[in-house]
*Asks:* 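Mind having a look at this structure? Questions to follow.
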Amino acid sequence: MNADLHLNAAATEINAARPQWSRAEAQAIYDSPFNDLLFRAQTVHRENFDPNRVQMSRLLSIKTGGCPEDCGYCSQSSRHESGLKASKLMEVQRVLAEAKKAKDGGATRYCMGAAWRSPKERDMDAVVAMIEGVKELGMETCMTLGMLDLGQAQRLKQAGLDYYNHNIDTSERYYNEIITTRTFADRLDTLANVRDSGIKVCCGGIVGMGEEKADRVDMLLTLANLPEHPDSVPINMLIPIEGTPLGEADPIEPIEFVRTIALARIMMPKSHVRLSAGRTAMSDEMQALCFFAGANSIFVGDTLLTAENPGEDKDTALFRRLGIQPMELDAG
Ligand code: SF4
């Protein structure tokens with residue numbers, strides 16, 4: 001049996017052990033009366049997690065801007081006029097100094113993002129040194145570097161990488177409206193390489209990009225029916241950025257956003273559902289509803305790659321009002 005067939009067989013075995021969600025089931029859950037939806041999501045959440053703990057990650061852009069891809073939401077694409085200045089790959093020592101600060105501030109996971117289509121061979125030594133250095137600080141490591149082949153994924157795993165982020169962004173149907181420089185299937189291939197190398201998968205998407213409700217359901221359905229559920233599922237609310245094709249997009253209705261979080265929680269009970277970009281545009285009450293619906297992870301720090309994020313003081317104050325505690329490292 002060749003390697004591909006072998007992997008497919010393994011995936012089929014896992015799928016056979018876990019029931020697949022149907023489109024109709026997922027849509028019915030998403031559309032159920034809001035109180036029923038929240039009750040179900042909170043029940044699933046309590047069966048799998050401490051409902052009053054939220055995992056905190058810190059994100060650093062290790063290489064900003066100048067990206068050859070054309071993701072319609074992104075300020076870092078060289079094809080958009082967002083005014084963002086491109087930078088080179090950050091020096092390893094600077095990354096480690098920033099990681100140390102994040103650890104002192106309470107973050108347990110350090111996420112490093114580079115605006116690349118995929119990492120080049122010449123960059124791999126530095127990337128490996130960053131992973132090893134952050135691990136030595138006693139933190140979990142996560143990277144997002146674009147598409148990976150199996151060899152690259154295995155090298156990152158050997159360096160000690162815990163998580164790799166690669167979002168599917170939206171539904172397969174809507175994908176071409178947002179990105180044309182790589183396909184939905186390319187994304188799934190990278191996810192398979194990450195999974196097969198033994199790195200935990202962080203994969204979610206963005207809502208509020210002009211998609212329909214069915215696209216939000218389909219995006220989550222794709223994730224929920226992967227051979228293994230992603231360990232982390234970041235759900236981003238679009239921050240429209242001037243100069244990008246989605247700079248004028250209408251905001252998503254908050255209740256629709258909360259429904260998306262609840263459906264993610266119900267279909268992927270053991271995954272960390274992360275309230276990611278867009279929290280600056282959410283009221284405290286909307287964030288509280290998202291936590292009730294099953295979100296249990298956030299990014300801390302006042303920037304997210306290039307976008308704004310609530311400052312730590314604001315998050316600490318909100319957590320205090322809600323009685324939420326940070327999640328311990330081995331639980332997150
Ligand atoms: S989202 Fe990532 S791949 Fe897409 S343009 Fe931005 S940096 Fe590049």
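The residues of the chain are indexed from 1 along the displayed sequence. Please read these numbers as outputs of a predicted model, since none were measured by experiment. All ligand and atom numbering here is 1-based and tracks the order in the structure.
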*Asks:* Please answer whether the main-chain N or O of His229 pairs with a side-chain N or O of Ser271 as donor and acceptor at a distance below 3.5 Å.
*Replies:* no

*Asks:* Quick check with a 6.0 Å cut-off and a 45 degree axis cone: is Arg274 positioned over the face of Phe299's six-membered ring?
*Replies:* yes

*Asks:* Counting only heavy atoms not in Phe39, do more than 12 fall under 6.0 Å of its CZ?
*Replies:* no

*Asks:* Could you pull out the N/O/S protein atoms under 2.8 Å of atom 4 (Fe) of ligand 1, ignoring any water?
*Replies:* Cys71 SG

*Asks:* What residue and heavy atom of the protein are closest to atom 3 (S) of ligand 1, and at what distance?
*Replies:* Arg182 NH2, 3.3 Å

*Asks:* If hydrophobic clusters are built from ILVMFWY residues whose side chains come within less than 4.5 Å, do Val128 and Val134 share one?
*Replies:* no

*Asks:* List in chain and number order the residues that pass ring-ring contact (aromatic ring centres under 6.0 Å, His included) with His80, two or more places apart in sequence or in another chain; answer none if no residue qualifies.
*Replies:* none

*Asks:* Is a donor on one side and an acceptor on the other found under 3.5 Å between the side chain of Asn48 and the backbone of His45?
*Replies:* no

*Asks:* For atom 1 (S) of ligand 1, which protein heavy atom lies nearest, and how many Å away is it?
*Replies:* Tyr73 OH, 3.5 Å

*Asks:* Mind checking whether Met124 and Met147 sit in one hydrophobic cluster, side chains of I, L, V, M, F, W, Y counted as touching below 4.5 Å?
*Replies:* no

